[in-house]
Every structure is written in C-alpha cells, then in structure tokens.
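Below is one structure; the comments refer to it alone.
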Amino acid sequence: MLKTLKVELFSDSDLDQLQDQVNEFLYKLHPDDVKDVKLSSADGTYDILIVYKQ
C-alpha cells in the first residue's frame with residue numbers, strides 16, 4: 001500500500017492545551033510515519049505543524 005504525505009496544523013494560545021492536542025494526535029501514528037514537526041510562535045499564539053505519512 002502506497003502512503004501519502006499529509007500535513008496537520010495545530011494552533012492555540014495556551015501551550016499546555018496545544019501540547020495535549022498534539023500528543024493525542026501523535027499517539028495514533030506509528031513513529032516511523034512522522035516525518036517532521038515544526039513549532040513557531042508569534043503574538044502569543046503557538047503553531048505546530050506535523051508532516052506524516054498515511
């Protein structure tokens with residue numbers, strides 16, 4: 001089965017809540033399927049971008 005790269009974006013002003021959301025999402029993925037994770041912050045908002053195969 002051929003897997004496709006996908007992107008999921010999470011954004012929140014509460015970093016603890018954002019981490020919980022991201023951890024819940026990552027828990028469902030196989031570690032080898034996670035290709036990249038990026039974190040950025042500006043104006044009190046945190047963004048996490050996850051690139052994964054599915």
Side-chain angles (χ1 to χ4, degrees):
M1 182 172 140
L2 188 61
K3 292 189 174 185
T4 303
L5 281 179
K6 295 196 172 193
V7 175
E8 189 76 26
L9 176 64
F10 296 88
S11 184
D12 202 313
S13 58
D14 182 349
L15 185 57
D16 290 332
Q17 185 175 357
L18 181 62
Q19 288 174 319
D20 290 344
Q21 293 172 9
V22 169
N23 286 336
E24 184 178 323
F25 177 79
L26 289 174
Y27 182 78
K28 299 173 187 175
L29 298 176
H30 188 280
D32 291 341
D33 289 340
V34 177
K35 298 303 171 193
D36 200 6
V37 177
K38 302 279 188 202
L39 170 67
S40 67
S41 175
D43 299 327
T45 301
Y46 302 95
D47 302 308
I48 298 178
L49 180 77
I50 301 171
V51 179
Y52 64 101
K53 283 189 176 183
Q54 187 179 44

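Values reported hereafter were calculated over all heavy atoms of this structure, with side chains retained and with hydrogens, waters and symmetry mates removed. Since the model is a prediction, treat every value here as computed from it, not as a measurement.
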Point to revise | Co-members of Leu9 in a cluster of I, L, V, M, F, W and Y side chains, linked at under 4.5 Å | key: Leu5, Val7, Leu49, Val51

Practice item. Could you tell me the separation between the OH atom of Tyr52 and the CG atom of Asp36, rounded to the nearest 0.5 Å? Key: 14.0 Å

**Study point:** Counterpart residues, side-chain hydrogen bond (donor to acceptor under 3.5 Å, both in side chains), relative to Lys3 (two or more places apart)
**Key:** Asp33

Review point. Salt bridge (charged side-chain N to carboxylate O under 4.0 Å, His left out) with Lys28: which residues, sequence neighbours excluded?
Key: none

Review point. Among all residues two or more places apart in sequence or in another chain, which pass the ring-ring contact (aromatic ring centres under 6.0 Å, His included) test with Phe10?
Key: Phe25

Point to revise | Residues forming a side-chain hydrogen bond (donor to acceptor under 3.5 Å, both in side chains) with Lys53, sequence neighbours excluded | key: none

Check your understanding: Listed by chain and number, what are the side-chain hydrogen bond (donor to acceptor under 3.5 Å, both in side chains) partners of Gln54, not counting sequence neighbours?
Key -> Lys6

Review point. Rounded to the nearest 0.5 Å, how far does OH of Tyr27 lie from CG of Leu29?
Key: 12.0 Å

**Study point:** By salt bridge (charged side-chain N to carboxylate O under 4.0 Å, His left out) - contacts of Asp43 (at least two apart)
**Key:** none

Review point. Rounded to the nearest 0.5 Å, what separation is found between the CD atom of Glu8 and the CD1 atom of Ile48?
Key: 11.5 Å

Practice item. Apply side-chain hydrogen bond (donor to acceptor under 3.5 Å, both in side chains) to Ser11 and list each qualifying residue two or more places apart in sequence or on a separate chain. Key: Asp47

Revision key, fill the gap. Heavy atoms of Tyr46 and Ser13 approach each other most closely as CE1-O, 3.7 Å

Check your understanding: Taking only residues two or more places apart in sequence or in another chain, which ones pass side-chain contact (heavy atoms from CB on, under 4.5 Å) with Asp16?
Key -> Asp14, Gln19

